[in-house]
Protein chains: 2
Amino acid sequence: MDLSSIEIFLAVASDRSVTKAAKAVGRVPSNVTTRIQQLEEDLNVSLFSRDGKKMTLTREGETFLAYANRLMALALEARQAVRPLAPSGTLRVGTMESTAASRLPAALTQFNQMWPDVSLHLTMGASRDLTRDVLSDALDCALIARPPKAMREEDSGFDAELKALEMEPVFVEDLLIVLPSGHPSIKSAADLRVGSLAALEPGCTYRRIAENWARKSSALPTSELGSYHAILASVATGNTAGVMPRSVLDLMHWPTPVQTHQLGPVETLLVYRKNDRPSAFSAFHEVLSATKGRDIRLATN
Amino acid sequence: MDLSSIEIFLAVASDRSVTKAAKAVGRVPSNVTTRIQQLEEDLNVSLFSRDGKKMTLTREGETFLAYANRLMALALEARQAVRPLAPSGTLRVGTMESTAASRLPAALTQFNQMWPDVSLHLTMGASRDLTRDVLSDALDCALIARPPKAMREEDSGFDAELKALEMEPVFVEDLLIVLPSGHPSIKSAADLRVGSLAALEPGCTYRRIAENWARKSSALPTSELGSYHAILASVATGNTAGVMPRSVLDLMHWPTPVQTHQLGPVETLLVYRKNDRPSAFSAFHEVLSATKGRDIRLATN
DNA sequence: GTCTTAATTCCGGAAACGAGATCTTTTCAT
DNA sequence: ATGAAAAGATCTCGTTTCCGGAATTAAGAC
């Protein structure tokens, strides 16, 4: 029994899908299938029932899920416990709105429990700005969206800044165009029947991805809003299409099942300066990796 | 972090020796060294301090040890929890005296806590007899000493019986000749200055190994005793050399540091009938494997 | 029925692992 | 002191395992 198998198991259990889980843990679906099968063979019990293309936990899978969470939490705790110098002081973390909303709560809670002596300073911002702030030492690290290759070539300044930093993928977001209810489903931006695209600031990678996609076939103005709640409200008026990752949309329990269009997966990176990892940063890094793809409800060892 | 690395770590921590630990977990020393180094690099902390050839836990190593025990215990519990049908009924286990004394207490305690519904019947005996009892279904399984190859060729009956059973190594014992205090150290049986060899029954593999070793150079009578305590007492009289594994000797806190001679490592096997693994047996098997090389003091998850 | 999506199976290249040989250092005996 | 023995570390090599991509199969949607 290998902890990485358990991480994979947790991802599959929480997504109820091999494909999603594979993205979440940064692997390929065939690999996820294999590891789950190995785990099942090792435990000599079937963890998921595959009726058709649905993966649902069996009763044994449910009980194993509880243990899996405890095991991961305990492993993380062990890792932290042997840290020779307990982190303290302040850690300045930059993050996108979306990550702060959907991914960070669990990690921050856990981090606070483990290291109450560290005061975390959170700064929200667009990926472009956050990156600059890390470079200029206004932040210790930041969670940003990696622009797709095509966009990086266009904006060589941003690309150069990224290359000057260490980076590591921690999440994968499924970026969506959210359509007003009743809007017909679309294949490309040409099918849009709205007056504008609602997004956050100009430096926001998600916004720029959406704009790139939209301008291929239509000349749609972007209306800039301050929050994802504002964007969704704007979509509800009927004349706007919103941009946000699925994880954020899921968070909002929108009343009606909205029509969405996938712009594809976008990686969230943790970036930090090379050769500058204060103890508090390493601790944060570890907590983040451990929380990756894990169920929100935290295990209490 | 891999559970097998943790198992190796536990073995090194409890033996304070790479070589011993390697035997305990059935690996080669170089491998143990590497895995420990990997673990240290992964945790970014040194677990052992190597002053000379002594391996002692560092402060961080100590704290990690606690977590390592808890992790293994939790993993074992998870394994047991998903067992689809809870084991019950009786399980008839045969064991050598020595194993019952040194290795089983921890495993049996844990097993009893986990499966109070299973009533364990322990039978002590010599390897030869236990094997026959498993074959004839008088026992469900047994812990026996694997005779070295040379001996197996001599006793083809025993060998055939073993081949008819499933077997799996679970412990490695360091078989010793225990000499009276003051006896000069020996290179071979020819250097023995005693009147007899003290051992258990004729079917005992340890006894037969010792007799084989002794008869190469001298014709020493074997005096048969009923227990290891009796053997040690007999050795204390000065005219007898005893046969026992090191683990048993260690258990007895003999007052003076006794002179010993190594007859080499002997594997302890768990043997059972092919295609006959009642649920209670599988549970026992798992507890045994998990206890292998682990510290006696059990972790309470 | 066809198309799409998801899971599994199969396969080749890459990385990790384990065993043995060698080397270094410590310890013990002479 | 000196040599021998033992233990740990290092290196290399053969094997296994693991990962990712392509092909395959199966289920649901239109």
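All values below come from the heavy atoms of this structure, side chains included, with hydrogens, waters and symmetry mates left out.
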Stepwise, does the side-chain hydrogen bond (donor to acceptor under 3.5 Å, both in side chains) test hold for B/Ser17 with B/Asp15?
CA-CA 5 Å; B/Ser17 150; B/Asp15 290 341; over 6 Å; no

Start with the C-alpha gap between B/Ser4 and B/Arg35, add the side-chain angles, then the distance that decides, and say whether side-chain hydrogen bond (donor to acceptor under 3.5 Å, both in side chains) holds.
CA-CA 9 Å; B/Ser4 70; B/Arg35 298 295 290 259; 2.6 Å; yes

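In this structure, A/His285 and A/Tyr272 have perpendicular ring planes: the angle between them is above 60°, well past the 30° mark. Between B/Phe9 and B/Phe64, the ring-plane angle classifies as perpendicular under the 30° and 60° cut-offs.
In summary, the side chains of B/Thr58 and B/Ser49 do not present any donor paired with an acceptor at a separation below 3.5 Å, with no hydrogens or angles considered.
B/His261 and B/Ile186 get closest at one heavy-atom pair: ND1-O, 3.5 Å.
Counting only distance, with no hydrogens or angles, the side chain of A/Ser5 and the backbone of A/Met1 share no donor-acceptor pair below 3.5 Å. Of the possible polar contacts, one joining the B/Arg152 side chain to the B/Pro147 backbone as a donor-acceptor pair under 3.5 Å is found.
Below the 3.5 angstrom threshold, one finds no donor paired with an acceptor across the side chain of B/Thr34 and the base of C/dG18.
The interatomic distance linking B/Lys54 (NZ) with C/dT26 (C1') rounds to 9 Å, in whole Å. In this entry the distance linking CG of B/Asp51 with C1' of C/dT27 reads 14 Å, nearest Å. One atom, CG of A/Asp2, and another, C1' of C/dA16, lie 12 Å apart when rounded to the nearest Å. Between the NZ atom of A/Lys23 and the P atom of C/dA7 there is a distance of 11 Å, given to the nearest Å. Note: CD (B/Glu41) to P (C/dA16) measures 11 Å, nearest angstrom. Between A/Asn31 atom CG and C/dA7 atom C1' the separation is 14 Å, expressed in whole Å.
Residue B/Arg27 places at least one side-chain N or O closer than 4.0 Å to OP1 or OP2 of C/dG18. OP1 or OP2 of C/dA16 has not a single side-chain nitrogen or oxygen of B/Gln38 nearer than 4.0 Å. Residue A/Gln37 has a polar side-chain atom (N or O) positioned under 4.0 Å from OP1 or OP2 of C/dT9.
Ion pairing between a basic and an acidic side chain is recognised when a charged N comes within 4.0 Å of a carboxylate O; A/Arg50 and A/Glu40 show such pairing.
Axis angle across the helix from C/dG1-D/dC30 to C/dT30-D/dA1, with five pairs used at each end and values rounded to 10°: 30°.
Contacts of A/Thr19 with the nucleic acid, taken as non-hydrogen atoms under 4.0 Å apart, involve only primed sugar atoms and P, OP1 or OP2. Note on B/Val18: only backbone sugar-phosphate atoms sit closer than 4.0 angstrom, heavy atoms only; bases stay farther off.
Taking the 5' to 3' direction, DNA chain D first and last meets chain A under 4.0 angstrom from a heavy atom at D/dC18 to D/dA27.
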